[in-house]
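Accompanying notes for the structure given below.
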Amino acid sequence: NKFIFSKVKIENMIMSSFPRVYKVVSIDREKQKLSIVIEERHAAYTWCGHEAPSYLNRFERGECYFLDQEGFAFDNAPAFSEGVYLSIYGGMQLDKPIIGSTIDLENNIEDVAGIIKVLEDNSLPVHSLVLKTDGQHQFLLDSFSVTGDYPKILWNEDISLKDTLGKLGTALSEDTFRQEWLGRSQDLLYIDTRFSNRVFYKFITEI
């Protein structure tokens, strides 16, 4: 009926049928037609599988999907060079379609960008984020390691990313760490932020 229509039903239909739509801005009747204004989702990350590839296979990846700033998967991502978007692994249910699903993360995923900036400002480039089922998550660093594995930033989902960011920023600014990192970057194994008010880091012990 051109005089009677349900805005709620139309909005629900659009949102369920088109995952790329972030929100319906307005629905108005103009004479004999409906005018619908929407806002599209914008890619902030890519989700590329339940398990991260090994360091040696870091340039090989399977099918990826675009995630918006809230971690919602809304479309297939084309193949492109590494580093355009942060790749995320894990955090999705195995038995559900990826498109239409949201990353399972208790912390605010928007705070991830703050962690990445601090790391990269300290010459610790991030390759990807791995979300573990036990909540012991990892940032994998995109740097050469003599171990043949990624250097890791370990963090606990029980601690807010803002608290983790504060601890990490303080630790990375310490002269002791900076001097060792600048001289032995290829020997870094991990930086562990999972403990209250403490940050631990480990380099390969020379024999």
Side-chain angles (χ1 to χ4, degrees), residues 6 8-25 36 38-116 119 126-142 148-165 190 192-195:
S6 171
V8 173
K9 288 184 178 180
I10 293 175
E11 180 174 349
N12 290 340
M13 180 274 292
I14 291 172
M15 296 301 296
S16 62
S17 301
F18 304 100
R20 183 177 280 274
V21 175
Y22 179 62
K23 67 179 179 180
V24 177
V25 178
I36 302 173
I38 63 166
E39 180 181 335
E40 287 192 70
R41 297 181 188 275
H42 297 284
Y45 316 96
T46 55
W47 186 89
C48 295
H50 295 284
E51 298 289 339
S54 66
Y55 181 79
L56 294 177
N57 298 319
R58 62 192 181 280
F59 299 118
E60 300 176 10
R61 62 179 190 175
E63 188 174 17
C64 294
Y65 301 83
F66 281 130
L67 304 179
D68 70 4
Q69 69 275 15
E70 297 174 352
F72 178 86
F74 62 89
D75 203 356
N76 295 88
F80 41 68
S81 302
E82 288 285 338
V84 178
Y85 297 96
L86 174 72
S87 297
I88 299 178
Y89 296 89
M92 293 285 196
Q93 295 186 28
L94 294 171
D95 57 348
K96 286 189 175 182
I98 300 304
I99 294 180
S101 297
T102 301
I103 285 289
D104 183 15
L105 182 65
E106 291 184 13
N107 275 271
N108 185 351
I109 195 170
E110 294 181 19
D111 291 332
V112 166
I115 298 282
I116 293 173
L119 291 172
V126 177
H127 175 273
S128 53
L129 168 61
V130 180
L131 301 176
K132 299 287 190 177
T133 55
D134 61 0
Q136 307 298 305
H137 306 316
Q138 305 172 352
F139 286 101
L140 305 183
L141 299 182
D142 191 13
D149 197 4
Y150 294 100
K152 299 175 176 66
I153 308 296
L154 308 176
W155 58 281
N156 190 332
E157 188 164 292
D158 293 338
I159 300 175
S160 75
L161 275 172
K162 288 186 177 179
D163 289 344
T164 299
L165 176 60
Y190 63 78
D192 194 342
T193 69
R194 294 175 295 174
F195 303 92

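Heavy-atom basis, side chains included; hydrogens, waters and symmetry copies ignored. The structure displayed is predicted, hence computed values, not measured ones.
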*Side chains of His137 and Glu157: do they bring a donor and an acceptor to under 3.5 Å?*
yes
Within this structure, what is the [atom1]-[atom2] distance for the pair [X] and [Y], rounded to the nearest 0.5 Å?
X	Y	atom1	atom2	answer
Cys48	Leu67	SG	CG	8.5 Å
Phe18	Ile38	CZ	CD1	8.5 Å
Asp142	His127	CG	NE2	5.5 Å
Asp111	Leu165	CG	CG	8.0 Å
His42	Asp68	NE2	CG	10.0 Å
Arg20	Glu40	CZ	CD	5.5 Å

Looking at every heavy atom in both [X] and [Y], which two are closest together, and how far apart are they?
X	Y	answer
Leu141	Tyr150	O-CD2, 3.5 Å
Gln138	Trp155	N-NE1, 4.0 Å
Ile159	Thr193	CD1-O, 4.2 Å
Ala52	Val130	CB-CG2, 3.8 Å
Ser101	Lys96	OG-CB, 4.3 Å

Quick one: are [X] and [Y] in side-chain contact, heavy atoms under 4.5 Å?
X	Y	result
Tyr65	Thr46	no
Leu140	Lys152	yes
Leu131	Ile103	yes
Tyr190	Ile153	no
Val21	Glu11	no
Ile88	Ile109	yes
Ile98	Met92	yes
Val112	Tyr45	yes

*Has Glu51 got more than 12 heavy atoms of other residues, nucleotides or ligands less than 6.0 Å from its CD?*
no
*For side-chain contact (heavy atoms from CB on, under 4.5 Å), just list the numbers for Asn76 and Glu63, CA-CA rounded to whole Å, side-chain angles, deciding distance to a tenth of an Å, and then say yes or no.*
CA-CA 8 Å; Asn76 295 88; Glu63 188 174 17; 2.6 Å; yes
*asked:* Aromatic contact between Tyr85 and Phe66, with the criterion being ring centroids under 6.0 Å apart: yes or no?
replied: yes
*With a 6.0 Å cut-off on ring centres, are His50 and Tyr89 close enough?*
no
*Under 3.5 Å, is there a donor-acceptor pair between the side chain of Ser17 and the main chain of Ile14?*
no
*Derivation and outcome, side-chain hydrogen bond (donor to acceptor under 3.5 Å, both in side chains), residues Gln93 and Asp104*: CA-CA 8 Å; Gln93 295 186 28; Asp104 183 15; over 6 Å; no
*Are Arg194 and Asp192 close enough for a salt bridge, meaning some N to O gap below 4.0 Å?*
yes
